[in-house]
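Residue indices begin at 1 and follow the sequence shown.
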Amino acid sequence: MSSGQQARAQAAAITPGRRPDEAEAAPAASPAERVRSLFGGHRLSPAQRRIAQFLTDHLTEAAFLSITELAERVGVSQPSVTRFASSLGFSGYPALREALQPIALSAVAGASGDREGRLHNEIQAAVDAEIENLMSLRRVFADPDRILHVGRELARSMPLTVLGLRISVSLAEYFAYAARRIHPDVRVVTRGGSVAYDTLLQASEAGGTWVLAFAMPRHANETLAALRAARRAGLRVALITDLALGPLVDEADVVFTAGTGSRLVFDSYAAPGVLSSAILQAMADADPERTQLRLEKYEQAAEQHAFFLDE
């Protein structure tokens with residue numbers, strides 16, 4: 001578990017307890033003081049001071065915003081947010097956000113009157129963060145043209161390759177499972193290294209034109225290597241990720257951004273899941289006759305072989 005995950009595990013524990021020696025400890029710094037300590041000793045530009053002030057004043061909300069959302073709320077550019085994080089000594093905005101999140105979670109816990117209240121608020125806060133991720137995705141869907149275009153391209157790719165490594169395996173396998181109902185040749189890459197390279201090369205040689213890749217945090221070096229291998233093989237890349245900038249995004253032809261829920265120990269993926277379903281819908285709509293035929297054949301096979309319980 002990373003140090004950031006350890007902090008999240010401690011801050012978001014379902015039933016946080018108090019150690020006996022804490023009773024004699026010196027009073028802990030308040031969440032606002034802990035946030036301000038991150039900025040202390042650094043010379044900040046006027047735009048960076050606005051970011052710092054927003055993070056301090058709206059900690060419990062701001063610590064779970066994407067870089068795009070934070071830039072919009074403060075009224076600065078995304079590169080300004082990236083430079084702000086770098087000026088504080090972080091590798092980028094995701095690292096700064098990971099440092100802020102346990103502080104924000106402790107603020108939520110401290111606002112509750114008792115253990116039961118903390119349990120209730122922490123879980124509700126996680127749900128609220130996912131609702132905000134879905135609302136951001138809803139705003140993206142106000143213009144569905146990009147989704148429809150990519151759906152058509154993926155539907156035409158024979159074969160279609162779906163890639164997801166490490167934590168992203170579950171999203172890739174879900175997408176591939178559903179896509180096989182409406183697409184005749186779907187191949188899944190869930191292992192990196194030479195196994196991924198072989199599959200990508202074979203897909204290209206078989207006539208495939210696209211890879212749909214999932215890259216959720218923590219972002220793996222082997223995912224970046226696989227995307228570069230796909231490009232070298234002549235495949236185009238559609239990427240679903242939480243990132244707006246970075247080397248993974250640079251390797252993709254089309255990028256769809258969906259925030260992940262990060263208030264609990266392990267991330268949740270409500271928005272990426274809905275985004276996946278929307279792309280599947282676009283693929284189905286791209287060739288409705290093929291979709292209908294394949295779905296009918298699948299239902300016939302399911303009935304013949306009793307795939308499912310009678311309910």
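Here Arg228 pairs with Glu251 under the salt bridge (charged side-chain N to carboxylate O under 4.0 Å, His left out) rule; sequence neighbours left out. Every residue two or more places apart in sequence or in another chain was checked for a side chain to side chain contact (heavy atoms under 4.5 Å, CB included) with Pro288, and none qualifies. The side chain to side chain contact (heavy atoms under 4.5 Å, CB included) test applied to Val274 returns Leu134, Leu137, Phe141, not counting sequence neighbours. Remark: Ala258 pairs with Ala271, Pro272, Leu275 by the side chain to side chain contact (heavy atoms under 4.5 Å, CB included) rule, at least two apart or across chains. Annotation: side chain to side chain donor-acceptor pair (under 3.5 Å) contacts of Glu289 (sequence neighbours excluded): none. In this structure Ala99 satisfies the side chain to side chain contact (heavy atoms under 4.5 Å, CB included) test together with Phe90, sequence neighbours excluded.
For the atom pair OG (Ser276) and CZ (Phe214), the distance works out to 3.5 Å, reported to the nearest 0.5 Å.
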Stepwise, does the side chain to side chain contact (heavy atoms under 4.5 Å, CB included) test hold for Trp210 with Leu235?
CA-CA 5 Å; Trp210 280 87; Leu235 297 166; over 6 Å; no
With side chain to side chain contact (heavy atoms under 4.5 Å, CB included) as the test, would you mind laying out the steps for Phe256 and Ile147 before giving the verdict?
CA-CA 9 Å; Phe256 294 101; Ile147 289 281; 3.7 Å; yes
Stepwise, does the side chain to side chain contact (heavy atoms under 4.5 Å, CB included) test hold for Leu239 with Val254?
CA-CA 6 Å; Leu239 177 66; Val254 180; over 6 Å; no
Would you please test Tyr174 and Tyr269 for side chain to side chain contact (heavy atoms under 4.5 Å, CB included) and show each step?
CA-CA 12 Å; Tyr174 160 77; Tyr269 304 108; over 6 Å; no
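Two residues are said to be in side-chain contact when any heavy atoms from C-beta on lie closer than 4.5 Å; Val35 and Leu100 meet this criterion. Looking at Thr260 and Ser268, their side chains never come closer than 4.5 Å, going by heavy atoms from C-beta outward. At a threshold of 4.5 Å between non-hydrogen side-chain atoms, the residues Arg36 and Thr56 count as touching.
Under a hydrophobic-cluster definition in which Ile, Leu, Val, Met, Phe, Trp and Tyr are linked whenever side-chain heavy atoms come within less than 4.5 Å, directly or via other members, Val211 and Ile240 are assigned to different clusters. Cluster annotation: Val186 is connected to Val150 through the hydrophobic network of ILVMFWY side chains, with a link wherever side-chain heavy atoms come within less than 4.5 Å.
The salt bridge (Lys or Arg N to Asp or Glu O under 4.0 Å) pairs that include a residue from residues 175-185 are Asp185-Arg187, where partners are two or more places apart or lie in different chains. Screening residues 48-81 for ring pair (Phe, Tyr, Trp, His ring centres under 6.0 Å) gives Phe54-His58 as the qualifying pairs, with residues at least two apart or on separate chains.
Between the side chains of Asp128 and Gln124, no donor N or O sits under 3.5 Å from an acceptor N or O. In summary, the side chains of His219 and Asp242 do present a donor paired with an acceptor at a separation below 3.5 Å, with no hydrogens or angles considered.
Summarising the local packing, CG of Asn221 is surrounded by 12 or fewer heavy atoms from other residues, nucleotides or ligands at distances under 6.0 Å.
Of the possible donor and acceptor atoms, one in the side chain of Glu69 sits under 3.5 Å from a partner among the backbone N and O of Ser66. Of the possible donor and acceptor atoms, none in the side chain of Arg97 sits under 3.5 Å from a partner among the backbone N and O of Ile67.
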Side-chain donor-acceptor distances from residues 161-173 under 3.5 Å, at least two apart:
{"unit_1": "Arg166", "atom_1": "NE", "unit_2": "Glu222", "atom_2": "OE2", "d": "2.7"}
{"unit_1": "Ser168", "atom_1": "OG", "unit_2": "Met216", "atom_2": "N", "d": "3.0"}

Pair up each side-chain donor or acceptor in residues 78-86 with any protein partner under 3.5 Å, not counting sequence neighbours, and list the distances.
{"unit_1": "Gln78", "atom_1": "NE2", "unit_2": "Thr68", "atom_2": "OG1", "d": "3.2"}
{"unit_1": "Ser80", "atom_1": "OG", "unit_2": "Ser77", "atom_2": "OG", "d": "2.8"}
{"unit_1": "Ser80", "atom_1": "OG", "unit_2": "Arg83", "atom_2": "NH2", "d": "3.4"}
{"unit_1": "Thr82", "atom_1": "OG1", "unit_2": "Gln78", "atom_2": "O", "d": "3.4"}
{"unit_1": "Ser86", "atom_1": "OG", "unit_2": "Thr82", "atom_2": "O", "d": "3.1"}

Kindly list each side-chain donor-acceptor pair under 3.5 angstrom involving residues 191-209, sequence neighbours excluded, with atom names and distances?
{"unit_1": "Thr199", "atom_1": "OG1", "unit_2": "Val195", "atom_2": "O", "d": "3.1"}
{"unit_1": "Ser204", "atom_1": "OG", "unit_2": "Ala233", "atom_2": "O", "d": "2.6"}
{"unit_1": "Thr209", "atom_1": "OG1", "unit_2": "Ser157", "atom_2": "OG", "d": "3.4"}

Expected list for residues 44-52: side-chain donor-acceptor pairs under 3.5 angstrom, two or more places apart:
{"unit_1": "Ser45", "atom_1": "OG", "unit_2": "Gln48", "atom_2": "N", "d": "3.2"}
{"unit_1": "Gln48", "atom_1": "OE1", "unit_2": "Ser45", "atom_2": "N", "d": "3.0"}
{"unit_1": "Arg49", "atom_1": "NH1", "unit_2": "Leu44", "atom_2": "O", "d": "2.8"}
{"unit_1": "Arg50", "atom_1": "NH2", "unit_2": "Val74", "atom_2": "O", "d": "2.8"}
{"unit_1": "Arg50", "atom_1": "NH2", "unit_2": "Gly75", "atom_2": "O", "d": "3.4"}

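Contact between Gly151 and Met283 at its shortest, heavy atoms only, is O-CG, 3.5 Å.
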